[in-house]
Amino acid sequence: MKVARVRVSGKTSTVVVKGRSVHLVRGGPFGKLAPTGERFPLSKVQLLPPTQPSKILAIRVNYRSHAGDRPAPERPEPFLKAPNSLIGHGEPIVIPADAGRVDAEGEVVAVIGRRAKHVSEERVDDYVFGYTAGNDVSAREWQAGDGQWWRAKSADTFTSVGPWIETDLGPERIPVRTRVDGKEVQAADTSELIHSIRSCIARITKYVTLEPGDLIFTGTPGTTAEIRPGVTVEVEVDGVGVLSNPVIAEEPRG
Ligand code: MG
């Protein structure tokens, strides 16, 4: 099942996506998903980020193809991205004027469905609501030069997710591809992860309580590509769909 958050008829609603139409359901995405009977063409709704997370965690260097000469981390190494950075399908990624090089990082994203603390690897699937596509937008010069990644990874619009959540996917082998203006720049699947999605989430919950809607970016493969104002970047996750965002320059101030 594909579950989305949309803006339609002046309201924000949770919907189930079926083909080219969306069916409104009562309450949020983690309830019974009981249909209201209302439906709209997909083309007539604005897709929003599929959840409103209390926090977003992302795993650094989790594909050998991305590690290059760096040693593979011995255990999952999560970092935090802030919710202010979140955008949905179709919204622009805004590059600050002084950001320097900014790259796309196409990733499979796990969506937490139940409060999770001290969850063993074997039980992680019970706490994952589904999977979506994500772009962990990264300003490389800020990432290398700042003491913390607060703006390199969490500047406004630097976390894109969507277009919706697929609830019927297992984590073992999910293909993910990134394209810039239609040209493929990254391709891998989650069987190539250094640390499995289950082991990453289990480790996080040892220290951090995950809440419904929280998002876990699972790592990016290969060599990432720069995104400049004027391009469109797409992250495709098989079984989910294509997350697409135009890239624009920040408006000059005063
Ligand atoms: Mg990343």
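When a ligand or atom number is given, it counts from 1 through the structure's own listing order.
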When clusters are formed from ILVMFWY side-chain contacts under 4.5 Å, directly or step by step, what else is grouped with W149? F79
Metal environment of the Mg ion (ligand 1), protein N/O/S under 2.8 Å: E105 OE1, E107 OE2, D136 OD2
With distance as the sole test, does S65 use its side chain to make a donor-acceptor pair with the main-chain N or O of G222 at under 3.5 Å? yes
Residues in salt bridge (Lys or Arg N to Asp or Glu O under 4.0 Å) contact with D136, at least two apart in sequence or another chain: K81, K153
Heavy-atom closest pair (T220 atom, G106 atom, distance to 0.1 Å) is OG1-O, 2.9 Å
Side-chain donor-acceptor pairs of residues 13-20 under 3.5 Å, sequence neighbours excluded:
unit_1 : atom_1 : unit_2 : atom_2 : d
T14    : OG1    : G27    : O      : 3.4

Other residues, nucleotides and ligands only: do more than 12 of their heavy atoms fall within 6.0 Å of CD on Q148? no
